[in-house]
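Within every chain, numbering begins at 1; the chains are lettered A, B, ... in the order of the sequence lines, protein sequences first and strands thereafter.
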Amino acid sequence: MAMTPLEELRHSCSHVLATALLRIFPDAKLDIGPPTDTGFYYDVDLDHKLTTEDLAKLEAEMKKIADENQPFLRKEVSRDEATEIIKRIGQERYKLGRLADIPADEKISFYQNGEFIDLCAGTHVRYTSKLKAFKLLSIAGAYHRGDEHNKQLQRIYGTAFPTKDELANYLTQLEQAKLRDHRKLGKDLKLFIVDEDVGQGLILWTPNGAIVRQELQTFISEELRKQGYAQVFTPHIGKLELYKTSGHFPYYKESQFSPIFENESLAKALAENCSCGEAFARLEALSANMRDQINTRTGKDTITADRVRPDDQLLDGFLLKPMNCPHHIKIYASQPHSYRDLPVRLAEFGTVYRWEQSGELNGMTRVRGFTQDDAHLFCTEEQVAAEMIGCLALVKVILTTLGMSDYRVRVGLRDPDSKKYTGDAANWDKAETACREAAKTLGVPFTEEPGEAAFYGPKIDFVIKDVIGREWQLGTVQVDYNLPVRFDLSYIGADNQPHRPVMIHRAPFGSMERFCGVLIEHFAGDFPAWLAPEQVRIVPISDKVADHARALLTKLKAEGLRATLDEHSDKLGAKIRRAELDKVPYTLVIGQKEAEANNVSVRSRARGDEGVIGSDAFIAKLKTEVATRALPARKAAA
RNA sequence: GCCAACAUAGCUCAGCUGGUAGAGCAACGCUUUCGUAAAGCGUGGGUCGUCGGUUCAAAUCCGACUGUUGGCUCCA
């Protein structure tokens with residue numbers, strides 16, 4: 001595949017970086033150095049721990065190499081010659097493996113610039129002097145071949161552009177992006193905190209953030225009522241047995257909080273001289289055993305769920321729920337269903353807990369406890385398509401209302417080579433077809449990605465990028481033919497015979513935490529009035545109108561608006577500045593003139609000074625803006 | 001979990017090679033009563049993330065731990 005000119009430029013930078021590396025650290029063992037979406041990197045195995053000072057040195061050396069104006073020369077060789085070259089330059093540690101990756105029918109080429117020669121398919125710019133605008137950015141650890149069992153190499157990240165202006169522009173953009181990072185804004189606008197003593201990845205929603213979340217929940221609840229969902233509530237824990245049946249316990253044990261054991265069960269285990277270590281070892285064996293049982297099943301629709309043999313019951317206990325499905329399934333299963341009842345749609349803002357690796361935690365976007373705007377639909381096979389479309393429509397309504405249009409849609413299919421999936425192939429095919437067909441109705445491009453399915457079924461995900469380009473899965477819709485089997489769910493059909501329902505799991509926001517994090521960045525903290533923690537701030541010009549201002553505050557609050565009054569003795573400019581920094585959508589300036597006429601001078605965060613209007617007229621206008629969940633109308637560019 | 005960097009007042013940060021802490025903003029008080037992004041003066045506020053070590057002496061050097069950040073791995 002040919003590289004774009006920009007990729008060519010960046011990839012050439014990788015080679016120049018490698019050239020500089022070997023000049024400064026001759027014993028460096030090189031792995032690979034490809035271009036990326038935003039720049040390039042090179043992975044290197046080096047005993048010396050690279051520092052930021054080294055980056056500066058390397059960058060200076062790269063500039064020298066660019067100035068030396070070395071030509072990039074391509075050389076095609078046989079496999080034996082390639083091996084010889086790699087040995088000659090002393091880079092056999094990784095390069096021989098990379099050479100072995102090249103299929104037998106493909107040409108093997110090296111690129112040489114100056115003294116440096118590298119196994120490489122290309123392509124490159126013609127001379128190093130073409131590299132005019134590059135910068136080394138950071139050093140990171142990266143496993144060889146992306147496998148955590150392999151040695152961790154040092155990865156040097158950099159970026160490059162055709163011109164210095166473009167590079168400077170990109171670096172400025174990075175700086176700008178940091179200003180709308182949800183972690184910074186979350187602190188500035190007092191939306192949420194994470195406390196060390198409460199625990200990593202556990203979000204404490206402070207009053208301002210709670211308002212945003214509550215408004216989002218209200219919004220989605222309204223939409224759910226329109227679509228015929230029933231609201232349920234379920235507890236935060238469930239017995240281990242429940243998750244053994246669902247398959248979550250054996251499959252995701254390592255990413256769950258440890259079980260909460262019953263006191264009696266623990267006491268019994270202790271009485272049997274079972275140490276904690278042994279108990280956990282037995283639990284470990286149990287989950288491994290469960291996995292094997294499931295994997296060796298032939299995939300027939302057995303109607304009966306997997307059961308744990310009684311002698312496997314070593315310790316009874318509960319699990320903090322890692323997902324809501326089993327609880328909702330039990331609600332469905334609690335009474336018989338006729339085909340006339342279907343679809344049954346059960347919704348809950350359900351809080352779940354997952355043991356994410358410490359290094360993966362990130363602000364609100366990757367946490368250990370989060371609340372899904374979850375729902376499970378139980379329907380007939382014939383209803384799947386329509387229900388899927390309904391779920392996707394809901395996601396679209398939400399994204400449209402919030403003005404989020406920059407996302408991609410991913411259809412996650414099973415990886416035919418992996419064993420992590422449960423259920424029979426025929427059902428998987430049906431489910432995957434249903435997903436594909438539903439995705440087509442979206443009217444936006446989507447990609448099909450094998451290996452992205454959940455263990456119980458394929459899914460459609462909405463993926464959005466954060467300010468620094470990281471992708472986050474938000475809304476998700478998943479078809480599931482498996483859990484209904486595992487829990488032996490049924491409904492009575494028109495033929496008076498029991499039938500197996502199909503489940504759809506869906507969460508339009510994904511999780512309230514992640515969604516709010518992304519939303520903060522999407523709006524850069526400038527929430528539309530309906531979401532803004534503080535919708536209106538009254539700014540009296542002097543104490544002389546304080547009584548009038550207080551009366552207005554009372555009135556705004558009585559009208560259900562989230563309003564505050566700035567009673568500081570600052571000058572107007574300072575109060576305006578404070579309101580702007582707090583990103584309040586509307587500031588009402590009240591002086592003698594306004595007080596006498598019962599007017600307000602409106603300053604909009606989005607549009608600036610909007611002039612004087614009667615206070616009742618303002619209230620009516622704002623209430624409409626809030627009720628319709630309008631996005632702030634920006635001032636037209638002059 | 002792994003690699004690396006970082007952790008000083010509510011916030012943003014200063015504190016060079018060791019001699020027990022400073023600024024701006026915020027808060028509070030007083031003065032000012034002001035027309036669309038910062039009025040003036042004053043006051044309070046920190047066992048320098050935690051624990052341990054080196055030293056006559058540690059915010060500063062070393063170690064462990066906790067947390068954060070950037071990556072890697074993972075993400076039902």
If we count only N and O atoms by modelled type, under 3.5 Å, do the side chains of [X] and [Y] hold a donor and an acceptor together?
X        : Y        : value
A:Asp54  : A:His48  : yes
A:Asn150 : A:Asp147 : no
A:Arg145 : A:Tyr143 : no

With the side chain of [X] defined as its heavy atoms from C-beta on, choose the nearest nucleotide among [options].
X        : options                : value
A:Arg514 : B:rC75, B:rG35, B:rC74 : B:rC75
A:Arg366 : B:rC74, B:rG70, B:rG1  : B:rC74
A:Lys49  : B:rC74, B:rG70, B:rC3  : B:rC3
A:Glu580 : B:rA39, B:rA37, B:rC3  : B:rA37
A:Ile576 : B:rA76, B:rA38, B:rU36 : B:rU36

When the [atom1] atoms of [N] and [M] are considered, how many whole Å apart are they?
N      : M      : atom1 : answer
B:rC72 : B:rC62 : P     : 29 Å
B:rU12 : B:rA5  : P     : 22 Å
B:rG44 : B:rG22 : C1'   : 16 Å
B:rA59 : B:rU8  : C1'   : 7 Å
B:rG49 : B:rC30 : C1'   : 37 Å
B:rG15 : B:rC74 : C1'   : 41 Å

Starting from [atom2] on [N], measure out to [atom1] on [X] and report it in whole angstrom.
X        : N      : atom1 : atom2 : result
A:Glu356 : B:rC74 : CD    : P     : 13 Å
A:Gln592 : B:rU36 : CD    : C1'   : 17 Å
A:Phe455 : B:rA76 : CZ    : P     : 10 Å
A:Tyr41  : B:rA4  : OH    : C1'   : 17 Å
A:Arg183 : B:rU69 : CZ    : C1'   : 7 Å
A:Asp609 : B:rA37 : CG    : P     : 9 Å
A:Asp197 : B:rC65 : CG    : P     : 19 Å

Under 3.5 Å, is there an N or O donor on one side and an acceptor on the other linking the side chain of [X] and the base of [N]?
X        : N      : answer
A:Tyr143 : B:rG71 : no
A:Ser569 : B:rU33 : no
A:Arg155 : B:rC3  : no
A:Gln152 : B:rC2  : yes
A:Arg354 : B:rC74 : no
A:Glu594 : B:rG35 : yes
A:Ser255 : B:rA76 : yes

Watson-Crick or G-U pairs under 3.5 Å in RNA chain B, rendered as dot-bracket with [ ] for crossing pairs and | for another strand: (((((((..((((.....[..)))).(((((.......))))).....(((((..]....))))))))))))....

Does [X] use its side chain to pair, donor to acceptor, with the backbone of [Y] at less than 3.5 Å?
X        : Y        : answer
A:Arg180 : A:Glu521 : yes
A:Asn482 : A:Tyr456 : yes
A:Asn208 : A:Leu191 : no

Ion pair present between [X] and [Y], side-chain N to carboxylate O less than 4.0 angstrom?
X        : Y        : answer
A:Asp609 : A:Arg603 : no
A:Lys593 : A:Glu596 : no
A:Glu534 : A:Arg537 : yes

Any chance the rings of [X] and [Y] have centres within less than 6.0 Å?
X        : Y        : answer
A:Phe487 : A:Tyr332 : no
A:Trp355 : A:Phe257 : yes
A:Phe455 : A:His248 : yes

Determine: side-chain N/O of [X] to OP1/OP2 of [N], distance under 4.0 Å, yes or no.
X        : N      : result
A:Asn362 : B:rG70 : yes
A:Gln200 : B:rG67 : yes
A:Tyr157 : B:rC72 : yes
A:Lys544 : B:rC34 : yes
A:Arg414 : B:rA76 : no

Measuring only between side-chain heavy atoms, which start at C-beta, is A:Thr587 closer than 4.5 Å to A:Arg578? no

A:Leu242 versus A:His327: any side-chain heavy-atom pair under 4.5 Å? yes

First of A:Gln256 and A:Ala142 reached from the 5' end of RNA chain B, by closest nucleotide: A:Ala142

Between A:Gln478 and A:Arg470, which is nearer to the 5' end of RNA chain B once each is assigned its nearest nucleotide? A:Arg470

Face-on cation placement of A:Arg10 at A:Phe40 ring, 6.0 Å and 45° thresholds: no

Identify the pairs formed between an N or O of the protein and an N or O of nucleotides 25-28 of chain B at a distance under 3.5 Å, and give each distance.
residue: B:rA27; atom: OP1; partner: A:His568; partner atom: NE2; Å: 3.1

Identify the pairs formed between an N or O of the protein and an N or O of nucleotides 8-15 of chain B at a distance under 3.5 Å, and give each distance.
residue: B:rU12; atom: OP1; partner: A:Lys187; partner atom: NZ; Å: 3.4

